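If you're wondering where the values come from, they're calculated on a predicted model, not measured in any experiment.
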Amino acid sequence: QVQLVESGGGLVQAGGSLTLSCAASGRTFSGYAMGWFRQGPGKEREFVAAISWGGGSTSYEDSVKGRFTISRDNAKNTVFLQMNSLKPEDTGVYYCAAHRWGNVVTTRHEYDYWGQGTQVTVSS
């Protein structure tokens, strides 16, 4: 069992930056691939970024490539999402998720555990 708690959301102006954190409980965090998803107002939850268990492989949704960076610190059971050059369309609730088999996956149904989400609002 893995429990996930996101933090770091908030209100930021367009062009600004935020760093989201996701703290995980459980001894096997290092064996899980991790992902970030977001859900904008009136939209489906969509993939943002993912990282393999060791951090050697990553994947990004096209609209965030070059602006967002996913990373992890297995010693601290934490995964991060550094978000730069934020745009109003990045607004939404951001969710952290864990996939038990360690490889990078990008679809919602492949993730086993989810956090409660943290709100990110980007003003124009």
Side-chain angles (χ1 to χ4, degrees):
Q1 186 79 9
V2 175
Q3 293 183 328
L4 305 172
V5 179
E6 303 94 336
S7 61
L11 173 64
V12 63
Q13 289 188 331
S17 299
L18 281 175
T19 299
L20 305 183
S21 299
C22 173
S25 65
R27 296 180 298 171
T28 58
F29 172 76
S30 62
Y32 287 75
M34 301 297 295
W36 286 96
F37 288 72
R38 66 186 178 191
Q39 188 165 12
K43 297 182 179 179
E44 297 276 327
R45 192 174 300 188
E46 65 175 1
F47 169 74
V48 175
I51 189 167
S52 61
W53 69 274
S57 295
T58 57
S59 180
Y60 296 92
E61 193 270 329
D62 285 346
S63 70
V64 308
K65 285 180 181 177
R67 299 189 298 123
F68 291 11
T69 302
I70 188 171
S71 61
R72 65 189 297 162
D73 184 340
N74 287 342
K76 296 182 178 180
N77 283 7
T78 304
V79 63
F80 305 96
L81 186 67
Q82 172 69 44
M83 305 186 293
N84 298 325
S85 302
L86 282 161
K87 305 175 181 180
E89 51 264 43
D90 294 319
T91 293
V93 178
Y94 282 69
Y95 297 89
C96 174
H99 170 64
R100 70 183 68 184
W101 297 113
N103 52 307
V104 169
V105 293
T106 62
T107 53
R108 288 174 55 184
H109 75 273
E110 294 181 281
Y111 282 84
D112 304 290
Y113 303 102
W114 292 84
Q116 293 300 306
T118 185
Q119 176 70 46
V120 172
T121 303
V122 184
S123 62
S124 57

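Enclosure of atom CD in Gln3 is not indicated, since only 12 or fewer non-hydrogen atoms of other residues, nucleotides or ligands lie within 6.0 angstrom. Shown here is Gln116, whose CD atom has no more than 12 heavy atoms of other residues, nucleotides or ligands within 6.0 Å.
Ion pair Lys87/Asp90 not flagged as a salt bridge, since none of the NZ, NE, NH1 or NH2 atoms sits closer than 4.0 Å to an Asp/Glu carboxylate oxygen.
Under the side-chain contact (heavy atoms from CB on, under 4.5 Å) criterion, Ala49 pairs with Tyr60, Ile70, Leu81, not counting sequence neighbours. Residues passing the salt bridge (Lys or Arg N to Asp or Glu O under 4.0 Å) test with Lys43, sequence neighbours excluded: none. Listed by chain and residue number, nothing satisfies the salt bridge (Lys or Arg N to Asp or Glu O under 4.0 Å) test with Glu110 (two or more places apart in sequence, or in another chain). Ser123 is linked by a side-chain contact (heavy atoms from CB on, under 4.5 Å) to Leu11, Gln13, counting only residues two or more places apart in sequence or in another chain.
Counting side-chain heavy-atom gaps under 4.5 Å among Ile, Leu, Val, Met, Phe, Trp and Tyr, the cluster of Tyr111 also holds Phe37, Phe47, Val93, Tyr95, Val105, Trp114.
Side-chain contact between Val12 and Met83 is absent, with no heavy atoms from C-beta onward closer than 4.5 Å. Side-chain contact between Tyr32 and Tyr113: present, with at least one pair of heavy atoms (C-beta onward) separated by less than 4.5 Å. Considering only heavy atoms from C-beta on, Asp73 comes within 4.5 Å of Phe80 through its side chain.
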Requested in this report: Tell me, with the steps shown, if Val64 and Arg38 meet side-chain contact (heavy atoms from CB on, under 4.5 Å).
Outcome: CA-CA 12 Å; Val64 308; Arg38 66 186 178 191; 3.9 Å; yes

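Put simply, the side chain of Thr91 gets close to the backbone of Val122: a donor and an acceptor are under 3.5 Å apart. A donor-acceptor pair under 3.5 Å is absent between the side-chain atoms of Glu6 and the main chain of Cys22, judged by distance alone.
If you take CG on Leu20 and OG1 on Thr78, they are separated by 12.5 Å, rounding to the nearest 0.5 Å. Atom OH of Tyr94 sits about 15.0 Å away from atom OG of Ser7, to the nearest 0.5 Å. Atom OG of Ser124 is separated from atom CD of Glu89 by 10.0 Å, given to the nearest 0.5 angstrom. From Arg72, atom CZ reaches atom OG of Ser52 across 7.0 Å, with rounding to the nearest 0.5 Å. Of the inter-residue distances, the one linking Trp36 atom CH2 with Ile51 atom CD1 reads 12.0 Å to the nearest 0.5 angstrom.
In this structure, Val104 and Ser59 approach most closely via the heavy-atom pair CG1-CB, 3.6 Å. For the residue pair Leu4 and Ala98, the shortest heavy atom distance occurs at CD1-N, 3.8 Å. Minimum interatomic distance between Gln82 and Asn84 (heavy atoms only, all atoms of both residues): NE2-OD1, 2.7 Å.
Annotation: disulfide (SG to SG under 2.5 Å) contacts involving residues 33-92, sequence neighbours excluded, are absent.
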